[in-house]
Amino acid sequence: DQQVKQNSPSLSVQEGRISILNCDYTNSMFDYFLWYKKYPAEGPTFLISISSIKDKNEDGRFTVFLNKSAKHLSLHIVPSQPGDSAVYFCAASATGANSKLTFGKGITLSVRP
Amino acid sequence: NAGVTQTPKFRILKIGQSMTLQCAQDMNHNYMYWYRQDPGMGLKLIYYSVGAGITDKGEVPNGYNVSRSTTEDFPLRLELAAPSQTSVYFCASSYLGYLDGYTFGSGTRLTVV
């Protein structure tokens with residue numbers, strides 16, 4: 001059973017527009033959420049995170065929103081750039097889980113020039 | 001800083017062979033993890049360690065073994081390789097667990113034929 005779901009496998013947006021990547025989770029014990037970005041032939045790199053005590057966290061062009069009641073989070077990238085084209089993984093962890101992360105399947109973002 | 005170094009980058013094994021995937025980090029991180037990524041899937045946790053001498057199973061540990069004799073090294077041993085172990089393997093480390101994200105290695109692509 002997938003505890004972290006990224007139901008859309010891909011997303012294509014125009015350069016300069018907003019990219020919105022969605023993620024849903026089922027485990028109510030999750031209290032910390034992260035987004036990772038992965039280029040081909042490289043390992044994932046940490047992008048941004050949010051604790052369950054917040055509903056928004058912003059870092060430059062990247063903003064993560066958390067809706068605990070809906071068990072849903074989203075990553076907004078504004079403005080999108082061609083260099084943002086990559087696979088984006090949503091991940092979640094629960095306090096006391098020895099910092100183990102549960103990952104979604106990933107979303108492939110393509111930003112068209 | 002080298003960060004997290006994984007060797008080898010690529011390997012082809014025959015069914016029934018054994019091998020060790022090496023992982024080393026030079027950041028004095030306590031937490032280390034092994035994940036595998038199958039095509040179109042998210043990362044699944046194989047084993048993890050919260051410090052030298054301490055290891056524990058993750059979600060998919062069957063067919064693998066680990067050891068953590070030093071803070072720096074966390075090798076993953078495959079015994080009696082099977083085609084189902086064909087995957088990309090990522091090692092990761094962290095100082096504060098998920099709170100500071102993970103630093104991933106660039107991965108080992110393993111094919112079992």
* Determine whether more than 12 heavy atoms belonging to other residues, nucleotides or ligands lie under 6.0 Å from atom NZ of K5(A). => no
* To do: Determine whether V88(B) and Y47(B) fall in the same hydrophobic cluster, where Ile, Leu, Val, Met, Phe, Trp and Tyr are linked whenever their side-chain heavy atoms lie under 4.5 Å apart.
  => no
* Of the backbone (N, CA, C, O) and the side chain (C-beta and beyond), which part of A41(A) lies under 4.5 Å from a heavy atom of chain B, both, or neither? -> backbone
* Which portion of L45(B) sits near chain A, non-hydrogen atoms under 4.5 angstrom -> side chain
* Asked: Do you reckon F46(A) sits in the same ILVMFWY cluster as V64(A), going by side-chain contacts under 4.5 Å, direct or chained?
  -> no
* For the side chain of Y35(B) and the backbone of L101(A), is there at least one donor-acceptor N/O pair under 3.5 Å apart? -> yes
* Asked: Which value, rounded to the nearest 0.5 Å, describes the distance between T102(A) atom OG1 and K44(B) atom NZ?
  -> 9.0 Å
* Do M32(B) and Y48(B) belong together in a cluster built from hydrophobic side chains that touch within less than 4.5 Å? -> no
* To do: Go through the atoms of Q37(B) and report whether side chain, backbone, both or neither lie under 4.5 Å from a heavy atom of chain A.
  => side chain
* How far apart are the C-alpha atoms of F104(B) and T45(A), what are their side-chain angles, what is the distance that settles it, and do they pass the side chain to side chain contact (heavy atoms under 4.5 Å, CB included) test? -> CA-CA 7 Å; F104(B) 279 88; T45(A) 55; over 6 Å; no
* To do: With a 4.5 Å heavy-atom cut-off (strictly below), which parts of residues 10-40 of chain A touch chain B? List them by number.
  => D31(A), Y32(A), L34(A), Y36(A), K38(A)
* Structure fact -> Pair count under 4.5 Å, heavy atoms only, with chain B: among G104(A), P44(A), G106(A), highest is P44(A)
* Treating Ile, Leu, Val, Met, Phe, Trp and Tyr as nodes and any side-chain heavy-atom pair under 4.5 angstrom as an edge, say whether V4(A) and Y88(A) lie in one connected cluster. => yes
* Hphob cluster co-occupancy, V87(A) + F103(A), side-chain heavy atoms under 4.5 angstrom -> yes
* Structure fact -> So NZ of K100(A) and OH of Y31(B): to nearest 0.5 Å the spacing works out to 12.0 Å
* Asked: Under a 4.5 Å heavy-atom cut-off, does chain A meet the side chain of Y102(B), its backbone, both or neither?
  -> both
